[in-house]
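First up is the structure itself, then whatever we jot down about it.
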2 protein chains.
Amino acid sequence: MFKKVLIAEDFDIVNKGVVTTLKELNITNITTVKYCDDAELRLKKALHDAEPFELLITDLSFNADHRNQKYVSGEDLIAIAKVIQPTLKIIVFSVDDRLQKVRSLIQTYNINGYVCKDRYDAKELTKAIEEVYQNKAYLSTKVKLALEPKSNLEIDDYDIDLVKFLSKGLLQSEISEYLKKQKIYPNSLSSIEKHLNILKIQFKAKNAIHLVSIFKDLGLI
Amino acid sequence: MFKKVLIAEDFDIVNKGVVTTLKELNITNITTVKYCDDAELRLKKALHDAEPFELLITDLSFNADHRNQKYVSGEDLIAIAKVIQPTLKIIVFSVDDRLQKVRSLIQTYNINGYVCKDRYDAKELTKAIEEVYQNKAYLSTKVKLALEPKSNLEIDDYDIDLVKFLSKGLLQSEISEYLKKQKIYPNSLSSIEKHLNILKIQFKAKNAIHLVSIFKDLGLI
DNA sequence: CAATACCTTACGGAAATCCGTATTTAAAGA
DNA sequence: TCTTTAAATACGGATTTCCGTAAGGTATTG
């Protein structure tokens, strides 16, 4: 079993829960950090001391607070971790169950496991650690479909961003301007209208306000 | 210290974290449930066996799954718990940090503590348990302001309803129609526009979508 | 390579909103 | 009762969204 594990998770209580779960697996050398920046330091130091971590378990979202941080998300952390120590095994542990997100993490960073925070997450986390230790990949049942071909019900980040812009009060014309500046396509007003319209149909929203409201309720934005 | 505690929390890992925290307080008689309905049964049984729980620590939101539930939220659970056992101490443990929510829980159910899931939540939860044991109330620093007198920024129910209607996708003209049917005044389209406009200025919202978004973030709707 | 399917973009008219101004109504005070 | 003040309503024009149609571009497939 893994000997040395790093946990990056901002909530105290979740940290405790993960530690308890690891101890049940007889893993004793456990380090926990509440900030991604701390995780980077720990990874570097361990490597420098020739006692590298074997596994990183990380959350995706970290609440911002008074401490100014270089890396603000689990994704940032994963990116830098893979640079520091390419062989490091990584399991993501997050409430986020969007297939799109999972898929992109697998494709971009080649993460080894993805466990959703959920009713039976302790069991799944345990299983994930065991599987990853045996060089297998592990995905929570909730996101197993991530590797399947895309379903047409899925919303991609582009569409989520559109709704997010709306929720911040931008006009559709302003969104178009912004996307053009960022060279993100499609960016015509017409396309934005169309995408939003499709979303409205998919989510049975009566209008843009309703759509934003639904997205907020679903936690998509 | 409390002898017998019930924890209602759907996520495994958080459950483990809370249990670990309680054990550090030398509380040994701990029951955890993942569904509100189970919590109700446990409370009733304990009372019937003349070994009632002294403290309930409950989350507010519970993910829905295949199991059909009578009580779907922590608030539902608190309501029924207070009926079953009015003397039960209750601490809410939630990520929700909306003052409006906290205030309403205190006023409606007279809960004893409210701890926000956050970076230092284990410490706060510990503190909350100790304080509540001494018959004091405890609120996380994040939501301490909930008990302060209402600021003049707070808005009346009429205005909140307007924004709520918007969030459900009603047109301003439809809202006007509805209010006329209900004989609620003011109900002219013009007045509705004006009220919404004042709200937009108060909350620095760029447009109606933004306003709804802000209201949702503040937990006003 | 042609047929097709799909996506982006463009355009125009209808509907809804935003916003300023003016008028009416209701409440409050002298 | 008469003024004063504030709120509710009415109205019009500008802006934005909504929605259908159509043209152009690109990738897929037989």
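Per chain, numbering begins at 1; letters A, B, ... match sequence-line order.
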| said: With a 4.5 Å cut-off on side-chain heavy atoms, are B:Pro186 and B:Tyr158 touching? | reply: yes

| Do any of residues 167-174 of chain A sit with a heavy atom less than 4.0 Å from DNA chain D, and if so which? | A:Leu171, A:Gln172

| Integer-rounded Å distance: D:dT15 C1' and B:Lys206 NZ | 17 Å

| remark: B:Asn197 CG to D:dA14 C1', in whole Å, measures 15 Å

| Salt-bridge criterion met for A:Lys142 and A:Asp97 (N-O under 4.0 Å) | yes

| message | One thing to verify: whether B:Asp65 and B:Lys34 come together as a salt bridge, which I'm taking to mean a side-chain N less than 4.0 angstrom from a carboxylate O. | response | no

| query | By side chain to side chain donor-acceptor pair (under 3.5 Å), which residues pair with A:Tyr138, not counting sequence neighbours? | reply | none

| To the nearest 10 degrees, how far apart in direction are the end axes of the helix from C:dC1-D:dG30 to C:dA30-D:dT1, each fit to five base pairs? | 30°

| message | Between A:Lys206 and B:Glu174 (salt bridge meaning N to carboxylate O under 4.0 Å), is one present in this structure? | response | no

| query | CG of A:Leu189 versus C1' of C:dG12: gap in Å, rounded? | reply | 13 Å

| message | Hydrogens and angles aside, do A:Asn187 and A:Lys181 bring a side-chain donor and acceptor to less than 3.5 Å of each other? | response | no

| field | Nearest-Å distance for atom pair NE2/C1', residues B:His210 and C:dC18 | value | 16 Å

| field | Comparing B:Lys180 and A:Asn207 on DNA chain D - which has the more 5′ nearest nucleotide | value | B:Lys180

| query | What is the distance from CD1 of A:Ile184 to P of C:dT8, rounded to the nearest Å? | reply | 14 Å

| query | When the distance from CD1 of A:Ile192 to C1' of C:dC7 is rounded to whole Å, what number comes out? | reply | 15 Å

| Any ion pair linking A:Asp76 and A:Lys70 (charged N to carboxylate O, less than 4.0 Å)? | no

Quick test: give all pairs of protein nitrogen or oxygen and nucleotides 5-8 of chain D nitrogen or oxygen below 3.5 Å, distance rounded to 0.1 Å.
| from | atom 1 | to | atom 2 | distance (Å) |
| --- | --- | --- | --- | --- |
| D:dA8 | OP2 | B:His195 | NE2 | 3.2 |

| query | With a 6.0 Å cut-off on ring centres, are A:Phe215 and A:Phe203 close enough? | reply | yes

| Contacts of A:Asn110 that satisfy side chain to side chain contact (heavy atoms under 4.5 Å, CB included) - sequence neighbours left out | none

| Would the number of heavy atoms belonging to other residues, nucleotides or ligands and lying under 6.0 Å from NZ of A:Lys45 be above 12? | no

| request: Mind calculating the distance between NZ (B:Lys200) and C1' (D:dT16) to the nearest angstrom? | output: 12 Å

| note | Atom CD of B:Glu193 and atom C1' of D:dG13 are separated, to the nearest Å, by 13 Å

| field | Results of side chain to side chain donor-acceptor pair (under 3.5 Å) for B:Lys16 - residues two or more places apart only | value | A:Glu24

